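Heads up, the thing below is written out as structure tokens.
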Amino acid sequence: MNTVNGGISFWYAQEGTPAAREPLPGDTTADVCIVGGGYTGLWTAYYLKKAVPFLNIIVLEGHFCGYGASGRNGGWLYNGIAGRDRYAKAHGHEAAVRLQQAMNATVTEVIETAAAEGIDADVHRGGVLEVACTPAQLDRLKAYHSVEVAFGETDRRLLGARETAERVRVTGAVGSTWTPHGARIHPVKLVKGLAATVEALGVTIHEGTPVTGIEPKHAVTPYGTVRAPYVLRCTEGFTAGIKGHRRTWLPMNSSMIVTDPLSPSDWDDLGWTGRETLGDMAHAYMYAQRTADDRIALGGRGIPYRYGSRTDNDGRTQPATVDALREVLIRMFPRLAGTGIAHAWSGVLGVPRDWCATVTLDRSTGLGWAGGYVGSGVATANLAARTLRDLIQQDSGQSGPTDLTTLPWVNHKVRPWEPEPLRWLGVRTLYAAYRAADRREATAHTPTTDRVAALADRVSGRH
């Protein structure tokens, strides 16, 4: 069987692309205009409409709901949030602990809300297992585990090689860390169900309506302008396509493959009965899940960035990236050397210059935004949406500050990325350094993190 490449994602190949909703018919007004029909935009519409049913809310989507990262991701609903360590340095440890606790609770919030709304997204709450396969990775894993415990994850477990193999038999794994705050989902089932839910609540969604400019109280499209007191930018990796935002967030590519369904004997050999989401401690890390129909979906960075902050059209990824991801799969699970790869695809995620996710409402202009999730957006988008709801209610005088509006990521300011060709050279050099560091660590047999990778972390702003 030949590998399908592109076509948005495997998740859409399974579910089918949705029937097209009508584009914006012309100039109009709303109470809130949301730009972007992914998880952030749809969850924001959901919580605002639930809180204030009479609000006139319009969602503008350039393609169709879930066209971007929300329909292409690895299906990791988990409690990671980009920038927590920086927020701890800037606002204090306890403020960052509150942010982490909010993320822990968000995993449950998404699962319970989806169930309450009748959205079947193939959810399985098996937690998150992150493995180490070299001495240097094990050293980083132990340090990472200690940090997570210090931020309040007292239910996290550090596992040795034998305990790791009892969960998933990853070849060469010498240890792992597991948290219960994670679940596997089918990304497209969630986003399609969420879009249908907000429409049923009375939210208007216009698809095929790219927003070319955002100004105070205005969202400009080729079909007309929406005027609203609040205009919220929820475009994540596609933010660079909006006028004036070329350098706001860098669209980082991430690619995925999915295998043919595995046989019962394969699963007997691999284990993975808990269906944990699976990651590793490499610098150029991987992420994977066991799907509801017993495939392995596995992702990684591939070619990380296209010159000029360009994004792809249909999710097609480079053959070399497909081969590299297959090599990762076989290295971890040699038994699968003869297993077919059914589908490969790619998408973009939003990366701020300081690698910190943020949610903001400018009370002087009514402009708001959320994103910069750096690949952790499946759950973070939900927390951001509830925070945007609270910020708007506070600004409109319907409520005061809440636990969410006082979290340290609210109204965080990020400087823009460097102009081209500096950001292209920087990102390409960064990931070349990470891959080279992983190769050296695989043969060095020393617990010390590669010095080039540590330097790359400091230069990039990741740490």
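In what follows, every heavy atom counts, from backbone to side chain, and hydrogens, waters and symmetry copies are set aside. Being a predicted model, the structure only gives us computed values, none of them experimental.
Judged by distance alone, the side chain of Trp417 and the main-chain N or O of Val351 form a donor-acceptor pair under 3.5 Å. Using modelled atom types, one side-chain atom of Arg98 and one backbone atom of Thr406 make a donor-acceptor pair closer than 3.5 Å. Using a distance-only test at 3.5 Å, with no hydrogens or angles considered, a donor-acceptor pair links the side chain of Thr402 to the main chain of Thr405. Of the possible polar contacts, one joining the Tyr39 side chain to the Ser70 backbone as a donor-acceptor pair under 3.5 Å is found. When atom types are taken as modelled, the side chain of Tyr87 and the backbone of Leu407 share no donor-acceptor pair closer than 3.5 angstrom. Under a 3.5 Å cut-off, the side chain of Arg140 and the backbone N or O of Met281 do form a donor-acceptor pair. Judged by distance alone, with hydrogens and angles left aside, the side-chain atoms of Glu61 form a donor-acceptor pair with the main-chain N or O of His63 at under 3.5 Å. Side-chain N or O atoms of Asp294 include none that pairs as donor or acceptor with a backbone N or O of Pro261 at under 3.5 Å. Trp76 places a side-chain N or O within donor-acceptor distance of the main-chain N or O of Ala288, the cut-off being under 3.5 Å. Of the possible polar contacts, none joining the Arg84 side chain to the Leu99 backbone as a donor-acceptor pair under 3.5 Å is found.
The pair Lys192-Asp120 does not count as a salt bridge, with every side-chain nitrogen at least 4.0 angstrom from each carboxylate oxygen. A salt bridge links Lys189 with Asp122: the closest approach of a Lys/Arg side-chain nitrogen to an acidic carboxylate oxygen falls below 4.0 angstrom.
Atoms CD1 and SG, on Ile205 and Cys65 in that order, are 4.5 Å from each other to the nearest 0.5 Å. The CG atom of Asp362 sits 8.5 Å away from the OG1 atom of Thr360 when rounded to the nearest 0.5 Å. Thr380 contributes atom OG1, which lies 9.0 Å from atom CG of Asn79 (distance to the nearest 0.5 angstrom). In this structure, the separation between CE on Met103 and CG on Asn382 is 8.5 Å, given to the nearest 0.5 Å.
Here the two rings, on Tyr78 and Tyr287, have centers that are 6.0 Å apart or farther.
The closest side-chain donor-acceptor pair between Ser254 and Arg72, if any, does not fall under 3.5 angstrom. For the residue pair Glu130/Tyr285, the side-chain donor-acceptor check at 3.5 Å is not satisfied. Side-chain atoms of Gln100 and Asn104 form a donor-acceptor pair, as typed in the model, at a separation below 3.5 Å. With 3.5 Å as the limit, one finds a donor-acceptor pair spanning the side chains of Thr179 and Glu153. For the residue pair Ser396 and Tyr230, no side-chain donor N or O sits within less than 3.5 Å of a side-chain acceptor on the partner. For the residue pair Glu112 / Thr108, no side-chain donor-acceptor distance below 3.5 Å is found, with atom types taken as modelled.
Judged as a ring-ring contact (aromatic ring centres under 6.0 Å, His included), the pairs with a partner in residues 147-188 (not counting sequence neighbours) are, in order, Trp11-His186, His93-Phe151.
Contact annotation: the side chain of Val131 approaches that of Thr164 to within less than 4.5 Å [non-hydrogen atoms, C-beta and beyond].
The shortest non-hydrogen separation linking Asp266 to Arg335 is OD1-NE, 2.6 Å.
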